[in-house]
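What follows is a set of notes on a single structure, which appears directly below.
By convention in this document, chain letters (A, B, ...) are assigned in the order of the sequence lines, proteins followed by strands, and residues within each chain are numbered from 1. Side chains included, hydrogens not; waters and symmetry mates left out as well; all remaining heavy atoms used.
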Amino acid sequence: MRKIDTRNSFLVNRNIYALILFFVLVLIVYILRLYYLQIINGEFFREQSEHNRTRIEDIPAPRGLIYDHNGRLLVENRPAYNVFAVPEEVELERAVKAIANLCHLSVDDTARIIKKSKNRPRFKPIKIFSDVSRDCIAKIEANKFKMQGVFIGIEPVRFYCYGKSASHLLGYLGEITDKELMDLRPKGYETGDWVGKSGLEKILEPYLRGHNGSRIVEVDALGRRLKILDEKYPVPGHAVWLTIDIDLQAFIETLMENVSGASVVMDVRTGAIRAMVSSPGFDPNIFVKGLTEEEWRNLNSDPGHPLLNRVLQSAYPPGSTFKPFVAVAALEEEVIHPDKKLFCPGFFKLGRRSYRCWKREGHGHIALHRAIVESCDVYFYQLGLRLGVDKIAQYARLFGFGKKTGIELPGERRGLIPSKEWKLNYLGQPWHKGETLSVAIGQGYVLVTPLQMVVAYGAIANNGWYVKPNIIEKIEGTKGTEIDVERHKLPVKRKTLQIIKAALEDVVRDKHGTAHKIWDEDIPIAGKTGTAQVVRLREGIKKRKRLPEHLRDHAWFVGYAPASDPEIVIAVIIEHGGHGSSAAAPIVKKIAEYYFKKGSRSNRNDR
Amino acid sequence: MYYANKILLYCFLLLALSLVMVFSASGVYGIDLAGRADIFAIRQFFYIIGFVCAVFFTSRAPLKLMYRFSKPVMLLLILLLGALLIPGVGTCYNKACRWYILPGGLHFQPAEFAKVFWTVYLADALVRRREKLSNFRQGILFYTVIMSIIAACILMEPDFGNAVLLAFVTVVMLMASNVPWRHFFVYLLVGILVFYFFVYKVDYRWNRIIATYNPWESPQKEGYQIIQSWIAIGSGGILGQGLGNGFQKLRFLPEPFTDFIFSITAHELGFIGLVAILVLYGLLFYTFFQVIGHIRDLRNELLAIGLFALLVVQVLSNCAVVVGILPTKGLPLPFMSYGGSHLVASGVIIGLWLRIIREEMGEEGAHD
């Protein structure tokens, strides 16, 4: 640089060099700063930058599918479109209102959503509507420019293909509760996960639940995905095949549509449950959206108890359907010879009380066979007295009453088979002989579930082989493609069972049999009617049909078919249906007809 | 080599780099805006043409003419700046209303031109009235008040960066002229008042200042931009992530191709690239400095000092912001940042330099 003349210059006058020096110093400071940032701390910031651009996203694993015995899909997964809002970017209340207006949705729980959003970071999206329709999605997308901070997320949810059908055994899912979370957290569950709350969804939770995958994605600052860096695929839950035949199930459901009751159909030899109907039912699809408090209250307080699986969660007095087991006890204990006739005058006197037979004019002199066929109460009163309650209980328990069958469904009830010891322990009172009479005809304290009934009759039909009922045919990926049949031989003489079976066959075949109405040569059914008293009727009230419905008797029919070579065993109970012969037996007939006709039309598979 | 040629060479090197970096940094935004990644680069190219035109026309205009018209032009610009404060007149982005939309969709930012013409006006006025400058009222106070009016207009747009720049250039020029040193104590007072009322009392600015020195306090809010800028610069390391490979521009760092293009450059080109750029700026300023040494005319010298300060302060403060020495205030990096107004305004500045060189040294004396 050339030397500056000594002239009238600002630069010279005011020593502006100081300013220049200042700039140079600043420049040096910058370079030092850059050196510090880039070279000394470079590694730290590189790491930060890596953090910045990647997010780990969960890929929800599809839950295992559920098929019926014939391979029909019962439960699958469908995408649900949920609407999320980011509190930081949009006022929640406004967003909820706007979307509700757009899609004509009701907004009863805005307050709940807002409350929920209070203790979360504001940049985290919160779900404001779940499972909205495709129309709604289209509208939101079309108005997206107006709705900053609102976006749509997709997650797989359960879809129950047959709606109400088989709802009790399939069960439903619900959001995990804090209590459940405590137990399940070690297994990788998190807040907000959905778990099986009832039925098979609950029991099979470990199988049906898959392992969520994850993906590491590169995102921009708005969280928008740019590319996928690494992906761990989710492992879907195991598929499950049930023993249920969904057509049969649906058919029985239509038969029982307007009544309360239960029906169960079991394969005699394998214990495979072919149908399990509890009426009234519910549609598990309503749980997918998440019930509001009110909906849940309504469902729970419904006098019909739609959530109850009556087949195994309800215990009823068995009434006359219990008699064959008393008969077995009597023959095994040899308290009576099968041909020995006892007299039935229409009542039985014990002490000062008179116990009636259902047939007021009496059955006259009657042996065991006819006593079962015509369901003579007085005959069984006498058997009961000869046996004593403890012997009856012993044989009843042998056939599985009073304990859980062990089927793969939650909430099964034991029922109740009373004994002297039981009464003393639980009621603190000694046993009365009169109570034995009630027990002998399946009344009094005796309570059984329809499932126990079907299993016990199955044991008779099987000539003494007790088969554990099962509903899961196979689970994908488990050892052994099919679940083994669990069965054992009951210590009952073959001869005894033959006598009982002959009698059960004549209940339908014989002109005098209580269920002769359903006699059909093509499908010979053997079984037993039952009319279980709900309340003890005072003498004098005779016209039972006039009774208010909730006081009417429960109607039972339990039977198997074909009578000679049993294939299926069916139990039906109609709550407050009146007589077993008129209310329950016709349904059993229709079920058997349907089962065998369907079987002859299509291939009956392996059985 | 001619000073003029040197200046143009450095400028065009920087502009070429700018085109590349704007392209690299704006791709994601371009796709969002127009569906194509190169939209901002193409616009920047046209702005560079605007820059060339500004250089060409300004360098043709005799400085006498410039000085004569600086007053009416300045008045017009003050009017335009004032009008921006009326809601609805200007166009706003991110709550800052700094622009007029010209026919053809061009954006015109009066503040960018105000600071250039203010420099021209000040150079003329301070030299013409240099005898009166020792008088406090007619000297420093008079110009400070006018400057404050303009700066206030700019500040209320709001455009803190340009307002501060205007004030800074004014101070430099007053210091370079015959204003007695003691008069500058008034700035201490004004400075404190301005700081108190326009910074300390305005939450967002105060928060920004806090955030600059402790950004990890609020990494999602005020501190976000500076942290992201550090991450961008720091992760660049010595050699950088490679041109186009940076991911901080993927919306992590706000304004990656305007005010924070320096960060993205550091991110992708690394320490080496940055030092190269700083050296280019350094060479440019050194050349300016050499030119100043040759100027004989007082008026031109003062103008040159003002223009020098204008560019140097912009470059230094922009760098200071991105490396976290000064609070963020929204100043573009001359020649590098995307933007029409500031490029054309820079063109005018360079055009003025070329004119100064031509008038002071003629065709011959322009080499060293």
For Tyr30(A) and Cys319(B) the tightest heavy-atom approach is CE1-CB, 3.5 Å

### Task
Under 4.5 Å heavy-atom distance to chain B, tell me which part of Leu34(A) shows up: side chain, backbone, both or neither.
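Its backbone and side chain both get close to chain B.
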
Just how far is it from atom [atom1] of [X] to atom [atom2] of [Y], taken to the nearest 0.5 Å?
X: Asn41(A); Y: Ser235(B); atom1: CG; atom2: OG; result: 12.0 Å
X: Leu37(A); Y: Leu274(B); atom1: CG; atom2: CG; result: 10.0 Å
X: Ile39(A); Y: Ile238(B); atom1: CD1; atom2: CD1; result: 4.5 Å
X: Ile231(B); Y: Phe44(A); atom1: CD1; atom2: CZ; result: 7.5 Å

Exercise for review: Look only at the side chain of Gln38(A) and the backbone of Ile233(B), and say whether a donor-acceptor pair between them is shorter than 3.5 Å.
Suggested key: yes

Relative to chain A, which segment of [X] carries a heavy atom at a distance below 4.5 Å: side chain, backbone, both, or neither?
X: Val312(B); answer: side chain
X: Thr287(B); answer: neither
X: Phe262(B); answer: side chain
X: Ala266(B); answer: both

Step-by-step side-chain contact (heavy atoms from CB on, under 4.5 Å) determination, Ile325(B) to Arg33(A): CA-CA 9 Å; Ile325(B) 295 172; Arg33(A) 175 79 185 165; 4.3 Å; yes

By ring pair (Phe, Tyr, Trp, His ring centres under 6.0 Å), Tyr35(A) pairs with (sequence neighbours left out) Phe271(B)

task: Please list, chain by chain and in numerical order, all residues satisfying ring pair (Phe, Tyr, Trp, His ring centres under 6.0 Å) with Tyr281(B), sequence neighbours excluded.
output: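 Residues passing ring pair (Phe, Tyr, Trp, His ring centres under 6.0 Å) with Tyr281(B): none at all.
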
How about Asp178(A): does its CG atom have over 12 heavy atoms from other parts shown lying under 6.0 Å from it?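 At most 12 heavy atoms, drawn from other residues, nucleotides or ligands, come within 6.0 Å of this atom.
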
* Counting only heavy atoms not in Arg78(A), do more than 12 sit closer than 6.0 Å to its CZ atom? -> yes

